[in-house]
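Working notes, beginning with the structure itself.
All chains are named by letter (A, B, ...) in the order of the sequence lines, taking the proteins before the strands, and each is independently numbered beginning at 1.
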Amino acid sequence: MNSRRRILEEHYIRGRPYVKGKIVIVNPETGRQTTIERDFWVDTGFDGGFHVAEAHLSDIRLIGVNPPLGTVGLAGGDRRPGYYCYAFLQQIGNYEFPAPGIEAMLVLQGASRHGLLGLQILKHFIAKFDGPNEVLTIT
Amino acid sequence: MSSFIDQQEITSPQVELTTVETAVPPHLKIEDSEEESRFQPILHHEPDISSHLNLIPESLSTQLDAIKVRNGGVEAFSRPWLPPSVKKLLEKAKKARLSTSEMIRLMETIADRTIEHFDLPAGMFAAITFSGKITEVADKRLDLLKKIHGRKYEEEIFVWRIGSETFSGRI
């Protein structure tokens with residue numbers, strides 16, 4: 001008997017599995033927080049939690065959190081500087097997780113309009129990629 | 001671990017000394033190999049060198065004091081030596097934005113020196129300052145980020161996976 005809850009079922013967009021996600025970053029000293037809401041491309045080739053454009057860095061710094069620099073490995077073996085931050089996945093699709101959410105690494109690098117959602121989040125779920133029907137199901 | 005004796009250059013341009021041998025005036029140079037070996041281990045024992053200074057000839061001890069003062073005290077020996085190329089990039093970063101390749105080269109060089117200096121094991125994750133100090137280490141990426149999250153540091157830090165070229169990214 002399958003007791004797992006269905007969290008999300010989404011059709012691919014332009015042939016790719018996307019989900020809407022809401023990430024929250026909290027300043028542990030002040031309690032101030034900021035959220036990032038984006039469409040995330042589900043990427044099993046990314047070892048982190050979330051990857052968003054570097055432009056979000058200013059919002060995070062506004063709450064007094066200063067993400068450190070690091071190197072990010074891109075496709076093709078290229079390396080770029082990026083920023084790393086401790087964050088929580090608060091919502092995916094219409095499903096909201098119990099507070100504080102699922103902890104994961106947030107990478108801020110580049111300028112892409114869509115984000116990436118990687119293995120650090122996917123490992124918490126069963127993800128089914130139905131290619132012929134272009135449907136992503138997460139339970 | 002790098003030895004002070006082996007360093008060819010010192011970051012402070014005013015310092016002319018580069019090795020213990022050149023620091024000892026000719027009339028004080030010890031020819032006897034057994035006595036000479038007294039000087040070698042002393043400078044290998046980082047960071048507390050001050051307790052050994054009474055064993056060293058006065059002229060050398062004065063010169064070492066001068067080096068310590070110019071390099072920020074005894075604590076300087078607890079950091080890896082960083083090459084002039086790194087110092088140049090750090091100076092440039094104060095005035096202008098570094099290019100992608102410059103920033104990566106800077107982090108990589110500092111990380112390599114720091115990892116070698118502190119003999120850190122591959123696979124661990126570290127938060128390192130741009131002067132080569134370790135502020136935090138962890139076995140997992142997320143644990144490191146959690147430890148440093150929200151903390152204020154006097155110097156800017158970067159994160160590094162020991163033994164790897166990237167902290168994260170494509171599998």
Side-chain angles (χ1 to χ4, degrees), chain A residues 24-34 43-51 54 57 60-61 63-89 100 102-111 116 118-124, chain B residues 86 89-90 93 97-112 114-115 123-131 133-171:
Chain A
V24 65
I25 300 98
V26 184
N27 183 325
E29 287 186 11
T30 63
R32 292 179 70 194
Q33 59 186 45
T34 186
D43 185 358
T44 57
F46 168 48
D47 64 0
F50 329 95
H51 182 299
E54 196 175 309
L57 189 62
I60 297 172
R61 284 181 170 155
I63 62 164
V65 171
N66 196 22
L69 267 167
T71 49
V72 183
L74 304 180
D78 202 9
R79 287 190 297 169
R80 288 278 188 273
Y83 294 86
Y84 287 89
C85 191
Y86 178 65
F88 291 92
L89 175 66
I102 298 175
E103 60 177 11
M105 175 177 74
L106 170 64
V107 183
L108 300 112
Q109 182 272 328
L116 297 178
L119 291 176
Q120 212 174 52
I121 293 293
L122 292 173
K123 70 177 185 182
H124 293 279
Chain B
V86 165
L89 282 174
L90 288 170
R97 200 172 167 84
L98 296 182
S99 69
T100 298
S101 59
E102 283 174 333
M103 180 54 77
I104 290 184
R105 190 166 75 240
L106 180 64
M107 286 192 281
E108 193 166 50
T109 308
I110 295 170
D112 285 349
T114 305
I115 288 161
M124 289 195 77
F125 299 89
I128 307 171
T129 69
F130 281 91
S131 63
K133 282 185 187 172
I134 301 282
T135 61
E136 196 61 73
V137 288
D139 290 328
K140 295 179 184 177
R141 215 177 266 125
L142 194 59
D143 289 344
L144 179 72
L145 293 176
K146 205 170 170 178
K147 282 181 180 182
I148 63 178
H149 185 68
R151 277 197 211 161
K152 294 199 188 318
Y153 294 97
E154 285 180 10
E155 299 176 63
E156 191 169 350
I157 61 169
F158 65 95
V159 290
W160 197 264
R161 181 174 191 179
I162 297 158
S164 174
E165 291 185 338
T166 59
F167 188 75
S168 85
R170 309 310 301 170
I171 297 171

Contact winner vs chain B - [options], heavy-atom pairs under 4.5 Å:
options: A:Pro68, A:Gly45, A:Cys85; value: A:Gly45
options: A:Ala104, A:Gly48, A:Gly49; value: A:Ala104
options: A:Asn27, A:Leu74, A:Ile25; value: A:Leu74

Give me the atom names and distance for the closest heavy-atom approach of A:Val72 to B:Gly169.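 Shortest heavy-atom contact: CG1-CA, 4.5 Å.
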Taking every non-hydrogen atom, the tightest pair across B:Arg141 and A:Asp47: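 B:Arg141 and A:Asp47 have their closest heavy atoms at NH2-OD2, 3.5 Å.
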Once rounded to the nearest 0.5 Å, what's the spacing between atom [atom1] of [X] and atom [atom2] of [Y]?
X: B:Thr100; Y: A:Arg80; atom1: OG1; atom2: CZ; value: 5.5 Å
X: A:Glu29; Y: B:Arg151; atom1: CD; atom2: CZ; value: 10.0 Å
X: B:Asp143; Y: A:Tyr86; atom1: CG; atom2: OH; value: 9.0 Å
X: A:Met105; Y: B:Lys140; atom1: CE; atom2: NZ; value: 14.0 Å

Given that the side chain runs from C-beta out, which part of [X] has a heavy atom under 4.5 Å from chain B: side chain, backbone, both or neither?
X: A:Glu103; result: both
X: A:Asn66; result: neither
X: A:Ile63; result: neither
X: A:Val107; result: side chain
X: A:Thr44; result: backbone
X: A:Leu106; result: neither

With no hydrogens and no angle check, is any side-chain donor or acceptor of B:His149 less than 3.5 Å from a backbone partner on A:Val26?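 Yes: the side chain of B:His149 pairs with the backbone of A:Val26.
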Keeping the roles fixed (side chain from B:Thr166, backbone from A:Arg79), state whether a donor-acceptor pair exists under 3.5 Å.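 No.
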Segment of B:Phe125 engaging chain A (4.5 angstrom heavy-atom cut-off):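 For B:Phe125, no heavy atom lies under 4.5 Å from chain A.
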Given that the side chain runs from C-beta out, which part of B:Leu144 has a heavy atom under 4.5 Å from chain A: side chain, backbone, both or neither?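 No part of it gets close to chain A.
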A:Leu69 vs B:Phe130, side-chain contact (heavy atoms from CB on, under 4.5 Å): CA-CA, chis, key distance, verdict: CA-CA 11 Å; A:Leu69 267 167; B:Phe130 281 91; 4.2 Å; yes
Would you call B:Ile104 and A:Pro81 a side-chain contact if the rule is heavy atoms closer than 4.5 Å?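 Yes, at least one pair of side-chain atoms sits under 4.5 Å.
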Among B:Arg161, B:Glu108, B:Lys152, which residue forms the greatest number of heavy-atom pairs with chain A at distances under 4.5 Å?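 Top count of heavy-atom pairs under 4.5 Å with chain A: B:Glu108.
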Residue list, salt bridge (charged side-chain N to carboxylate O under 4.0 Å, His left out) with B:Glu156, at least two apart or on another chain: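 Counting only residues at least two positions away or on another chain, B:Glu156 forms no salt bridge (charged side-chain N to carboxylate O under 4.0 Å, His left out).
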Between A:Asp78 and B:Arg170, is the side-chain contact (heavy atoms from CB on, under 4.5 Å) condition met? List the steps. CA-CA 10 Å; A:Asp78 202 9; B:Arg170 309 310 301 170; over 6 Å; no
